[in-house]
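Note that the coordinates shown come from a computational prediction; the quantities given were computed from them, not determined experimentally. In listed order, ligands and their atoms are each counted from 1.
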Amino acid sequence: MKQRRWISVGAVAVATVAALNAVPATASRPYDPTAQSLAALGLRHGLQVGTAVDLAALNDANDPQYRRLAASEFSSVTAENAMKWESLEPTRGVYDWAAADQLVEFARRNKQSVRGHVLVWHNQLPTWLTSGVADGSISKQELRELLRKHITTVVSRYKGKIWQWDVVNEAVGDPWDTPSTLHYKGFWAQNLGPGYIADAFRWARAADPRALLFYNDYNIEAFGSGNPADDKPQFVYDMVKGLRAQGVPIDGIGSQGHLGTQYGNYDTLQVTAALKKFAALGVATAFTEVDVRSEMTEAVQAGNSAEINPRLQASAANFSVLMKACLAVRSCLSYTVWGFTDRHSWVPGWFTEPPQGMAAIYDENYQPKRAYHELKSDLIFAGPPYVLPRVAPKPRR
Ligand code: XIL
């Protein structure tokens, strides 16, 4: 009986995939999957392949390739900075929606979904807010009310236009912080206590009943010891489990996926196991900010291929591990890269000691790198019975 049920579920899934795969091939132009975009190949699995978008690059008239690839290769977009609080409300009470609106409109024109990023984070907050709290002119009570208003204002403006919101970002510390026992870190926890997390999800839900609401963090690609004192994914797991038990409307866990070729990193089965463990809480999952940086040694900068090749290969392998794990887990709804070209990547500006770079899937001249081809291969080769179409949760009330 159990087996028959499995077979019929499997048959439906196979039929669905067959329908998704039905691509009209004309006699003159046979279907060539390698000529398809990442977006088109992702849709065969119901998976959205996205990118973070740098609005300055998008608006640069001398850089048409950026706009063209952002529109054609991806089925989902995220504002790299334009929806952060400091961008939206640089002056207290005066919202500047121009860049964020532009991204949402770009997505609409190109039939892309939007990941909203980010409502509550300790970085890139407006100075009026942080200095007001520091000098005592903004009380804790007022701060909580400002947060409620901010979430309500932003989510309401884009109601119905955002597929997934990163409601809370990076709320949990790292083992290298002090104290090293994992804890709720940063501006919001310090000023409001960890209760701000449940509040934020409730306020976001009140403003948009249909968006999928995510908790987003880095270094949660694979579980470690299982002890929440030093295992960040375990801490996040326990946190989300607790929030769900309290009825908090949290729908997903976003794993950022910022990797580096100098680290040990993970294999596909470890990452798959982590996504499955999160998914067992009843939430969706997603890779939200994937990039794989490398140390830019002098030899790399001088063009030494013996140093460059292993980096390109390790980068491709790491992009691929996250993609294969995502494909293997039906609740993994999207795979977003944090910028698609080394021409516009946050890595060289951010990781300077030692210098790092080469983190994206296209090089500085918009040539696809091995990582791009490997992602494409993963999407092409994947199929039933191991890889089945996505299943999204109903937004939690
Ligand atoms: C980064 C942007 O890419 C940079 O342009 C900006 O200067 C700093 O923030 N985790 C996140 C993202 O959630 O918002 C960060 O984006 C990268 C790390």
Side-chain angles (χ1 to χ4, degrees), residues 50-60 63 66 70 74 76-90 99-100 102-103 114-127 129-130 150-151 154 162 164-174 176-177 184-189 197 200 204 212-221 232-233 236 252-260 263 285-293 318-319 322 334-353 355-362 364:
T51 184
V53 173
D54 170 347
L55 267 292
L58 198 71
N59 285 324
D60 184 350
D63 197 354
Y66 186 90
F74 302 96
S76 171
V77 288
T78 308
E80 185 173 355
N81 290 301
M83 289 189 185
K84 291 172 182 172
W85 198 336
E86 71 171 6
S87 309
L88 290 177
E89 197 186 6
Q102 198 202 336
L103 183 79
V114 183
R115 292 198 83 260
H117 177 84
V118 51
L119 297 172
V120 195
W121 191 27
H122 53 268
N123 279 345
Q124 294 178 278
L125 290 169
T127 315
L129 183 75
T130 49
H150 177 72
I151 292 176
V154 178
I162 304 287
Q164 306 174 6
W165 262 117
D166 286 335
V167 177
V168 175
N169 196 32
E170 303 180 357
V172 180
D174 296 289
W176 57 81
D177 288 339
Y184 291 102
K185 72 165 180 198
F187 179 84
W188 296 104
I197 297 175
L212 293 176
L213 305 181
F214 274 68
Y215 175 76
N216 193 49
D217 215 330
Y218 60 87
N219 284 1
I220 59 167
E221 293 85 9
K232 191 166 171 181
V236 169
I253 299 176
S255 180
Q256 294 183 359
H258 293 293
L259 301 179
Y263 304 124
T285 55
F287 285 110
T288 55
E289 306 185 11
V290 186
D291 58 11
V292 186
R293 59 188 185 269
N318 283 302
F319 272 103
L322 301 192
S334 58
Y335 182 105
T336 295
V337 294
W338 203 244
F340 60 91
T341 165
D342 290 337
R343 195 184 197 90
H344 301 285
S345 162
W346 72 303
V347 167
W350 199 265
F351 300 92
T352 50
E353 279 174 28
Q356 298 183 45
M358 297 175 66
I361 59 175
Y362 287 82
E364 291 179 358

Worksheet item: How does N81 reach ligand 1, if at all, at less than 4.0 Å between non-hydrogen atoms: by side chain, backbone, both, or neither?
Response: side chain

Fill in: Protein contact to atom 7 (O) of ligand 1 [nearest heavy atom, distance to 0.1 Å]
W350 CZ3, 3.9 Å

Worksheet item: Which residue holds the protein heavy atom closest to atom 11 (C) of ligand 1, what is that atom called, and what is the gap in Å?
Response: E289 OE1, 3.0 Å

Practice prompt. Give me the ring orientation class for Y66 and H344: parallel if the planes are under 30° apart, tilted from 30 to 60°, perpendicular past 60°.
Written response: perpendicular

Discussion item. List ligand 1 atoms under 4.0 Å from H117, heavy atoms only on the residue side.
Written reply: 11 (C), 12 (C), 13 (O), 14 (O)

Discussion item. With respect to N169, determine whether any N or O atom, backbone or side chain, lies less than 3.5 Å from an N or O atom of ligand 1.
Written reply: yes

Discussion item. N216 versus ligand 1: do any nitrogen or oxygen atoms come within less than 3.5 Å of each other?
Written reply: no

Item to complete: Could you say whether the N/O atoms of K84 and ligand 1 ever approach to under 3.5 Å?
Response: yes

Worksheet item: Based purely on interatomic distance, does Q124 place a nitrogen or oxygen under 3.5 Å from a nitrogen or oxygen of ligand 1?
Response: yes

Practice prompt. Starting at CG of N59, measure out to CG of D54 and round the result to the nearest 0.5 Å.
Written response: 9.0 Å

Worksheet item: If you look at every heavy atom in I197 and A171, which pair is closest and at what distance?
Response: CD1-CB, 3.9 Å

Fill in: Contact atoms of ligand 1, heavy-atom distance to H258 under 4.0 Å
18 (C)

Fill in: Proximity to ligand 1 by part of W121, non-hydrogen separation under 4.0 Å
side chain

Fill in: For S255 against I220, the heavy-atom pair lying closest together
OG-CG1, 3.7 Å

Worksheet item: Tell me: protein heavy atom nearest atom 2 (C) of ligand 1, and distance?
Response: E80 OE2, 3.5 Å

Practice prompt. Kindly give the heavy-atom pair with the smallest separation between P126 and P90, and that separation in Å.
Written response: CB-O, 4.5 Å

Fill in: Close side-chain approach of N169 to Q256, heavy-atom, < 4.5 Å
yes

Worksheet item: Looking at side-chain heavy atoms only, is the closest gap between E89 and V154 below 4.5 Å?
Response: no

Discussion item. For H258, run the ring-ring contact (aromatic ring centres under 6.0 Å, His included) check against W350, W346, Y218, F319 and tell me which one passes.
Written reply: W346

Worksheet item: What atoms of ligand 1 come within less than 4.0 Å of a heavy atom belonging to E170?
Response: 10 (N), 11 (C), 13 (O), 18 (C)

